[in-house]
K.L.:
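Dropping the structure in here first, questions after.
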Amino acid sequence: MRALPIRKFAPIMPLNVTGVLSDLDRVLLDAAAIQARVTAMAREVAQQFEGSKLLTVIAIMDGGLFFVADLLRGIDLPMRLVTMGASSYHGTTESSGEVKFTWPASLDLKDQHVLLLDDILDTGLTLAALQDRLRAEGVASIKTGVLLKKRREHAREVTVDFVGFEIEDEFVVGYGMDYQGRFRNLPCIGILKP
Ligand code: 5GP
Ligand code: MG
């Protein structure tokens, strides 16, 4: 059998993002800054869980998709990955903090060591509700990581163990985060034009 030629793959980046980028008012974090920080975070997480037999990662989709994909590939530990969707109902129900999860059927978290990952901590409702639910499921421990944390009053106190960047209280898009379903594919994180 003939060996296949070794190919050099281009980095996974869009060749031309001019169209999507042109909707940005400014770039907050460029791709290189995100990459460097996520790599450092992976080391922090790996150190924290050193010697762990099996880690259960719970990743909130879809916003966390790119962050989680990059972070986990930097962690050389046995783990399993669980993804779920979360939607919080702000406005009139904000005080009640109602958050709905697309909880996977037959997910057994009893006595598991859980790493909870989300794109951004805003009001804190989503992560607080999920932490409550995980405790009710009987997990052994919970550590929580977010790529971004907004500097603002948090509606609920929530413990976060790993934070990528603290940002001002502005609406951001890119690197997984959307506005009306768009802009997730931006390699950077930015603020949209008004
Ligand atoms: P929280 O429950 O902390 O208020 O909301 C967290 C969720 O709201 C995040 O997982 C994210 O989906 C969404 N979110 C909060 N702030 C932003 C933002 O600035 N940009 C985007 N695209 N989503 C946000
Ligand atoms: Mg989200």
Side-chain angles (χ1 to χ4, degrees), residues 14 17 19-31 33-34 37-38 41 45 56-72 81-104 107 114-137 142-194:
V17 289
V20 193
L21 273 176
S22 65
D23 285 320
L24 288 187
D25 183 49
R26 67 204 149 88
V27 173
L28 209 59
L29 300 161
D30 65 20
I34 298 168
R37 183 65 193 119
V38 172
M41 280 181 91
V45 174
T56 299
V57 178
I58 299 186
I60 309 297
M61 295 291 119
D62 298 319
L65 178 64
F66 292 47
F67 168 52
V68 169
D70 284 342
L71 184 82
L72 295 190
L81 173 63
V82 178
T83 61
M84 62 175 75
S87 42
S88 48
Y89 297 92
H90 291 215
T92 51
T93 60
E94 185 154 10
S95 54
S96 71
E98 192 198 342
V99 183
K100 290 214 168 91
F101 302 105
T102 57
W103 201 266
L107 172 62
V114 172
L115 172 64
L116 184 54
L117 296 175
D118 200 2
D119 50 1
I120 182 162
L121 179 73
D122 184 13
T123 65
L125 285 178
T126 307
L127 288 174
L130 191 44
Q131 289 178 352
D132 288 348
R133 172 81 188 260
L134 292 174
R135 281 186 209 104
E137 297 278 328
I142 308 170
K143 296 280 178 199
T144 303
V146 292
L147 178 65
L148 305 177
K149 180 180 175 186
K150 286 191 186 174
R151 288 193 195 99
R152 56 163 287 170
E153 292 280 317
H154 294 289
R156 276 200 55 178
E157 273 312 308
V158 48
T159 309
V160 184
D161 307 276
F162 310 100
V163 177
F165 302 93
E166 286 210 7
I167 62 168
E168 297 306 321
D169 188 7
E170 291 179 288
F171 190 83
V172 297
V173 295
Y175 193 63
M177 290 170 284
D178 74 310
Y179 172 66
Q180 296 185 345
R182 294 177 54 202
F183 305 106
R184 293 194 198 276
N185 56 320
L186 277 173
C188 59
I189 293 172
I191 314 283
L192 286 173
K193 285 176 183 161

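Each ligand, and each atom within it, is numbered from 1 in the order the structure gives. When reading the values below, keep in mind they use all heavy atoms of this one structure, side chains included, and skip hydrogens, waters and symmetry mates. Residue numbers start at 1 and run along the sequence shown.
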K.L.:
With heavy-atom distances below 4.0 Å as the criterion, list the atoms of ligand 1 near D118.
P.N.:
10 (O)
K.L.:
Give a yes/no on ligand 1: does F171 have at least one heavy atom closer than 4.0 angstrom to it?
P.N.:
yes
K.L.:
When you measure from the heavy atoms of V173 to every atom of ligand 1, does any distance fall below 4.0 Å?
P.N.:
no
K.L.:
So for atom CD, which belongs to E157, do other residues, nucleotides or ligands contribute more than 12 heavy atoms lying within a distance under 6.0 Å?
P.N.:
no
K.L.:
Run the salt-bridge test on K193 and D25 with the 4.0 Å N-O cut-off and return the result as yes or no.
P.N.:
no
K.L.:
Considering only heavy atoms of T126, which atoms of ligand 1 have at least one such atom less than 4.0 Å away?
P.N.:
1 (P), 2 (O), 5 (O), 6 (C)
K.L.:
Taking all non-hydrogen atoms of both residues, which atom of V68 and which atom of A59 are closest, and how far apart?
P.N.:
CG2-CB, 3.7 Å
K.L.:
Hey, looking at atom 11 (C) of ligand 1, which of V99, L148, I120 has the closest heavy atom?
P.N.:
I120
K.L.:
For D169, is there any backbone N or O sitting under 3.5 Å from a side-chain donor or acceptor partner on R152?
P.N.:
no
K.L.:
What atoms of ligand 1 come within less than 4.0 Å of a heavy atom belonging to D178?
P.N.:
21 (C), 22 (N)
K.L.:
For S87, is there any backbone N or O sitting under 3.5 Å from a side-chain donor or acceptor partner on E98?
P.N.:
no
K.L.:
With no hydrogens and no angle check, is any side-chain donor or acceptor of D119 less than 3.5 Å from a backbone partner on M177?
P.N.:
no
K.L.:
Using a 4.0 Å heavy-atom cut-off, say whether L127 meets ligand 1 through its side chain, its backbone, both or neither.
P.N.:
neither
K.L.:
Determine whether the side chain, the backbone, both or neither of K150 has a heavy atom under 4.0 Å from any heavy atom of ligand 1.
P.N.:
side chain
K.L.:
Any atoms of ligand 1 less than 4.0 Å from a non-hydrogen atom of L125? List them with their elements.
P.N.:
2 (O), 3 (O)
K.L.:
Any sub-3.5 Å donor-acceptor pair from K149's side-chain atoms to D122's backbone N or O?
P.N.:
no
K.L.:
Atoms of ligand 1 less than 4.0 Å from G124 heavy atoms?
P.N.:
1 (P), 3 (O), 4 (O)
K.L.:
Give the atom numbers and elements of ligand 1 that come within less than 4.0 Å of a heavy atom of E170.
P.N.:
19 (O)
K.L.:
Which ligand 1 atoms, with their elements, are less than 4.0 angstrom from a heavy-atom of M177?
P.N.:
22 (N)
K.L.:
Can you give me the closest heavy-atom contact between L186 and G174, atom names plus distance?
P.N.:
CB-CA, 3.7 Å
